[in-house]
Amino acid sequence: QVQLVESGGGLVQPGGSLRLSCAASGVTLNYGTIAWFRQAPGKEREGVSCFSSSDGSTYYADSGKGRFTISRDNAKNTVYLQMNSLKPEDTAVYYCAARRGRTYYCTSESQYEYWGQGTQVTVSS
């Protein structure tokens, strides 16, 4: 049984920070690809960041580049998304996703086997 559980979302003012967590059970995050997606109301789900366990490489969409950081704690089998300098346009439900093995299309939803339930992030003054 595989389960991904996100947490850490909430309401924050513009310019503030949040750290999202994705705890995994039933599958190790030591290998494969891990990603964060987000979906705002009325918009398609979009890739935010990806992490390749094989070589430690990361990818960031332009929307979060320089503000977001993806990381992993092997001991806790947990992946994080640190979000700084948050903007109202960052408001969305954030999902973590994972797949076994590598992928060249890490921001494509279809590449991922496992998904969390999502956590709401609201950036508003």
Side-chain angles (χ1 to χ4, degrees):
Q1 184 178 4
V2 176
Q3 188 174 30
L4 303 177
V5 180
E6 300 98 333
S7 62
L11 175 64
V12 64
Q13 293 185 341
S17 299
L18 286 173
R19 189 180 75 162
L20 306 183
S21 299
C22 177
S25 61
V27 61
T28 179
L29 299 181
N30 292 341
Y31 302 99
T33 307
I34 308 100
W36 286 94
F37 290 77
R38 69 184 185 186
Q39 187 168 25
K43 297 184 178 180
E44 295 183 356
R45 190 173 299 182
E46 62 175 347
V48 177
S49 182
C50 314
F51 176 85
S52 176
S53 297
S54 62
D55 59 7
S57 63
T58 59
Y59 168 84
Y60 297 94
D62 289 341
S63 59
K65 191 173 298 183
R67 301 185 297 122
F68 294 178
T69 303
I70 191 170
S71 62
R72 184 188 67 189
D73 187 326
N74 290 339
K76 297 181 179 179
N77 205 30
T78 299
V79 65
Y80 304 95
L81 184 69
Q82 178 68 44
M83 304 188 294
N84 299 325
S85 302
L86 284 163
K87 306 173 182 179
E89 50 263 45
D90 295 319
T91 296
V93 177
Y94 284 71
Y95 301 87
C96 66
R99 61 166 281 132
R100 290 171 290 184
R102 302 174 182 177
T103 178
Y104 290 106
Y105 308 98
C106 70
T107 59
S108 297
E109 296 179 58
S110 62
Q111 298 297 302
Y112 294 92
E113 307 171 71
Y114 313 116
W115 289 83
Q117 84 292 340
T119 185
Q120 176 71 49
V121 172
T122 303
V123 184
S124 177
S125 59

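The first residue of the sequence shown is numbered 1, and numbering continues consecutively from there. Just so it is clear, the model here is predicted, and its values are computed rather than measured.
Considering only heavy atoms from C-beta on, Pro88 stays 4.5 Å or farther from Ser124 through its side chain. Inter-residue side-chain proximity for Met83 and Arg19 is flagged as unmet; no heavy-atom pair is nearer than 4.5 Å. Taking 4.5 Å as the limit, every side-chain heavy atom of Tyr94 sits out of range of all side-chain heavy atoms of Gln39. Contact annotation: the side chain of Ile70 never approaches that of Tyr80 to less than 4.5 Å [non-hydrogen atoms, C-beta and beyond]. By the 4.5 Å heavy-atom criterion applied to side chains, Arg38 and Ser63 are counted as neighbours.
Between Ala40 and Ala92, the shortest heavy-atom distance links the atoms N-CB, 3.8 Å. Ser85 approaches Arg67 most closely through the heavy-atom pair O-NH1, 3.0 Å. The shortest non-hydrogen separation linking Asn77 to Val27 is ND2-O, 2.9 Å. When all heavy atoms of Glu109 and Trp115 are compared, the pair lying nearest together is O-CZ2, 3.6 Å. A pairwise comparison of heavy atoms in Leu4 and Gln117 identifies O-OE1, 3.6 Å as the closest pair. Shortest non-hydrogen contact noted between Leu81 and Val48 is CD2-CG1, 4.3 Å.
Between the side chain of Thr91 and the main chain of Val123, a donor-acceptor pair closer than 3.5 Å is present. Remark: side-chain polar atoms of Thr33 are not paired, donor with acceptor, to backbone N or O of Phe51 under 3.5 angstrom. A donor-acceptor pair under 3.5 Å links the side-chain atoms of Thr78 to the main chain of Lys76, judged by distance alone. Distance alone, capped at 3.5 Å, is enough to place a donor-acceptor pair between the Glu6 side chain and the Gly118 backbone. Side chain of Thr119 to backbone of Gly9: a donor-acceptor contact under 3.5 angstrom is found.
Gln111 and Thr103 share a side-chain donor-acceptor pair at under 3.5 Å. Judged by distance alone, the side chains of Ser54 and Ser52 do bring a donor and an acceptor atom under 3.5 Å apart.
Remark: Arg45 qualifies as a cation-pi partner of Tyr95 under the 6.0 Å distance and 45° angle criteria applied to the six-membered ring.
Under the side chain to side chain contact (heavy atoms under 4.5 Å, CB included) test applied with Val121, the options Leu11, Leu20, Val93 reduce to a single match, Leu20.
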* Evaluate the criterion ring-ring contact (aromatic ring centres under 6.0 Å, His included) for residue pair Tyr112 and Phe37; output intermediate values, then yes/no. => CA-CA 11 Å; Tyr112 294 92; Phe37 290 77; 5.6 Å; yes

* Show the numbers, then the answer: is there a side-chain contact (heavy atoms from CB on, under 4.5 Å) between Gln82 and Ser71? => CA-CA 8 Å; Gln82 178 68 44; Ser71 62; over 6 Å; no

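Distance check: Thr58 OG1 to Phe68 CZ gives 14.0 Å after rounding to the nearest 0.5 Å.
With respect to the salt-bridge test (charged N to carboxylate O, under 4.0 angstrom), the residues Arg102 and Asp55 do not qualify. Here Asp90 does not pair with Lys87 in a salt bridge; the nearest charged N to carboxylate O distance is not below 4.0 Å.
Hydrophobic clustering places Val79 together with Tyr60 (ILVMFWY residues linked when any side-chain heavy atoms are closer than 4.5 Å, directly or through intermediates).
Within the structure, disulfide (SG to SG under 2.5 Å) pairs that include any residue of residues 52-84 do not occur (at least two apart or interchain).
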